[in-house]
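One structure is given below, encoded as C-alpha cells.
Just so you know, residue 1 is the first one in the sequence shown, and it goes up from there. Below, all heavy atoms of this structure are taken into account, side chains as well, without hydrogens, waters or symmetry copies.
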Amino acid sequence: MPIDKRQQRVVACALLPILAVWQANGLYLPTLAQGGMHLFWMADLCQWVVLPTALLWLLARAASLRPSHYGLAAPAMDWQSLAWRALAVFVTAGLAFLVARNLAWTVLRPPASSLPLVQMFPNGLAGAAARAYAAISAGLVESIFFIGLPWLLYASCRPRPSPRWFVLAVSAIFASAHWEQGSHLVVAAFFAHLVLCAWFFRWRTLWPVVFGHSMVDLALLA
C-alpha cells in the first residue's frame with residue numbers, strides 16, 4: 001500500500017525512537033532492576049505499551065496510517081485457519097531460535113547476560129500474568145515496528161523493493177537489539193526473525209506472525 005513523502009517521514013520518525021530505545025535498554029534496564037522490580041516493570045511498561053501506543057497514535061493522527069497499512073487489517077481468514085498459521089509460525093520460528101541459540105552457544109561461549117529476564121518475574125499468578133503480558137506485548141510491538149512499518153516505509157521509497165534484502169537488513173537490526181542478552185541470543189533472534197518475515201511475505205498479514213511470535217516468547221519465558 002503506497003504512502004506519500006509526508007507519510008514516509010512520519011513513519012521514519014515513529015521508527016527512530018523504537019530503534020533507539022531497543023538499543024539502549026540494555027544499558028538502563030539492569031541498573032533499574034538493581035533498584036527494585038517495580039522500577040524495572042515501570043520502565044518495561046513505558047517501553048512496551050506507552051511509547052508504542054503514542055507512536056501509533058502519531059501515525060494515525062499525523063499521517064492517517066491505520067493498522068491495515070502495516071499488516072494488521074481485519075483477518076480475511078477464519079479463526080481456525082489463523083490458529084493453524086500461528087501454530088506454523090510458532091513451530092518454525094521456535095525451532096529456528098532454539099537451533100541457532102544452541103549452536104551459537106557451543107561456538108561462541110558467551111558470558112552471562114547482563115539482564116537475566118527470567119529473574120525479573122514474580123512467583124505465582126502474578127508471574128504468569130507478567131509472562132503473558134511480556135510475550136503478547138513483544139509479539140505485537142516487534143511485529144509492527146520490526147516488520148510491518150519498516151516494510152511499509154521501504155516498499156514506498158523504492159521503485160522495486162527487494163523482500164530478500166529487506167528481510168536480511170531488518171533481521172540484523174532486530175537481532176542487534178538483543179545484544180545485552182548475549183551473542184548467542186543475537187544469533188538466535190536473527191534466524192527467528194528471518195522465519196517471521198518469511199511468513200509475513202507468504203501471507204501478507206501480521207496476525208499469524210503476532211500470535212506465533214507471542215507463543216514463542218511465552219514458551220521461552222515459561
Side-chain angles (χ1 to χ4, degrees), residues 1-29 32 38-76 89 115 130 132-159 161-163 165-180 189 192-193 196-197 199-201 203-214 217:
M1 188 177 295
I3 58 176
D4 60 32
K5 295 291 185 182
R6 184 183 63 83
Q7 290 174 311
Q8 291 171 9
R9 289 193 293 270
V10 177
V11 172
C13 289
L15 289 173
L16 287 176
I18 291 292
L19 296 177
V21 169
W22 259 245
Q23 291 294 335
N25 62 12
L27 299 175
Y28 61 79
L29 284 179
L32 292 176
H38 63 289
L39 293 176
F40 172 87
W41 285 109
M42 286 177 60
D44 187 270
L45 189 67
C46 290
Q47 174 178 313
W48 290 99
V49 177
V50 177
L51 178 61
T53 300
L55 294 173
L56 295 178
W57 177 86
L58 173 67
L59 289 173
R61 182 79 173 180
S64 299
L65 293 176
R66 303 293 189 267
S68 59
H69 287 89
Y70 42 86
L72 290 177
V89 175
L115 184 62
Y133 149 77
I136 294 170
S137 60
L140 180 61
V141 172
E142 291 180 344
S143 295
I144 292 173
F145 286 93
F146 287 93
I147 302 178
L149 284 174
W151 175 250
L152 176 65
L153 178 61
Y154 172 71
S156 297
C157 292
R158 305 285 294 183
S162 168
W165 287 112
F166 169 81
V167 169
L168 290 173
V170 79
S171 296
I173 295 170
F174 176 77
S176 69
H178 295 75
W179 64 267
E180 79 282 357
H193 202 260
L196 296 174
C197 289
W199 285 121
F200 169 70
F201 282 108
W203 295 319
R204 297 290 175 169
T205 175
L206 278 179
W207 284 116
V209 176
V210 169
F211 290 125
H213 186 162
S214 298
D217 284 359

Q. Any chance the side chains of Q7 and S64 put a donor and an acceptor closer than 3.5 Å?
A. no
(Q) Using side-chain heavy atoms (C-beta onward) and a distance below 4.5 Å, is R204 in contact with F201? (A) yes
Q: To the nearest 0.5 angstrom, please state how far the CG atom of L51 sits from the SG atom of C46.
A: 8.5 Å
Q | Pairwise distance OG(S143) to CG(L149) - rounded to 0.5 angstrom | A | 11.0 Å
Q: Nearest 0.5 Å please: distance from the CD atom of E180 over to the CG atom of L29.
A: 7.5 Å
Q. How far apart are the C-alpha atoms of L206 and F200, what are their side-chain angles, what is the distance that settles it, and do they pass the side chain to side chain contact (heavy atoms under 4.5 Å, CB included) test?
A. CA-CA 6 Å; L206 278 179; F200 169 70; 3.6 Å; yes
**Q.** Y154 to S162 - nearest heavy-atom pair and separation
**A.** OH-N, 3.0 Å
Q.
Parallel, tilted or perpendicular, judged at 30° and 60°: which one describes the rings of F211 and W207?
A. parallel
Q) Do W22 and I173 come within less than 4.5 Å of each other through their side chains, counting heavy atoms only? A) no
Q) Can you tell me how far the NE2 atom of H178 sits from the CG atom of N25, to the nearest 0.5 Å? A) 9.0 Å
Q.
Quick check: do L56 and L65 have side-chain heavy atoms less than 4.5 Å from each other?
A. no
Q: Might you point out which heavy atoms bring Y28 and Q47 nearest each other, and give the distance in Å?
A: OH-OE1, 3.2 Å
Please tabulate, one pair per line, all N/O donor-acceptor pairs under 3.5 Å involving side-chain atoms of residues 8-17, not counting sequence neighbours.
residue	atom	partner	partner atom	Å
Q8	NE2	I3	O	3.4
Q8	NE2	S156	O	3.1

Q: Check for a donor-acceptor pair, side chain of S214 on one end and backbone N or O of A135 on the other, with a separation under 3.5 Å.
A: yes
Q. So, does W48 use its side chain to make a donor-acceptor pair with the main chain of A134 at under 3.5 Å?
A. no
Q) Would a 4.5 Å heavy-atom cut-off, applied to side chains only, mark F146 and C197 as touching? A) no
Q: Could you tell me the separation between the OG atom of S171 and the CZ atom of F166, rounded to the nearest 0.5 Å?
A: 8.0 Å
**Q.** Whether R6 side chain and A62 backbone form a donor-acceptor pair below 3.5 Å
**A.** yes
Q: Report yes or no: does E142 contribute a side-chain atom to a donor-acceptor pair with the main-chain N or O of G139 at less than 3.5 Å?
A: no
Q. Do F174 and F145 pass the side chain to side chain contact (heavy atoms under 4.5 Å, CB included) test, and can you show the C-alpha distance, the side-chain angles, and the key distance before you say yes or no?
A. CA-CA 10 Å; F174 176 77; F145 286 93; over 6 Å; no
Q.
Checking the side chain of R66 only, and the main-chain atoms of A60 only, is there a donor and an acceptor separated by less than 3.5 Å?
A. yes
Q: Decide yes or no for D44 and V49: does some side-chain heavy atom of the first lie under 4.5 Å from some side-chain heavy atom of the second?
A: no
Q: Determine yes or no for a side-chain-to-main-chain donor-acceptor pair under 3.5 angstrom, with H213 supplying the side chain and V210 the backbone.
A: no
Q. Are L59 and H69 close enough that some pair of their side-chain heavy atoms sits under 4.5 Å apart?
A. no
Q. If you take all heavy atoms of W203 and P208, which pair is closest and at what distance?
A. CZ3-CB, 3.7 Å
(Q) For P150, is there any backbone N or O sitting under 3.5 Å from a side-chain donor or acceptor partner on Y70? (A) no
Q.
Please give me the minimum heavy-atom distance between V89 and G212, naming the atom from each residue.
A. CG1-CA, 3.8 Å
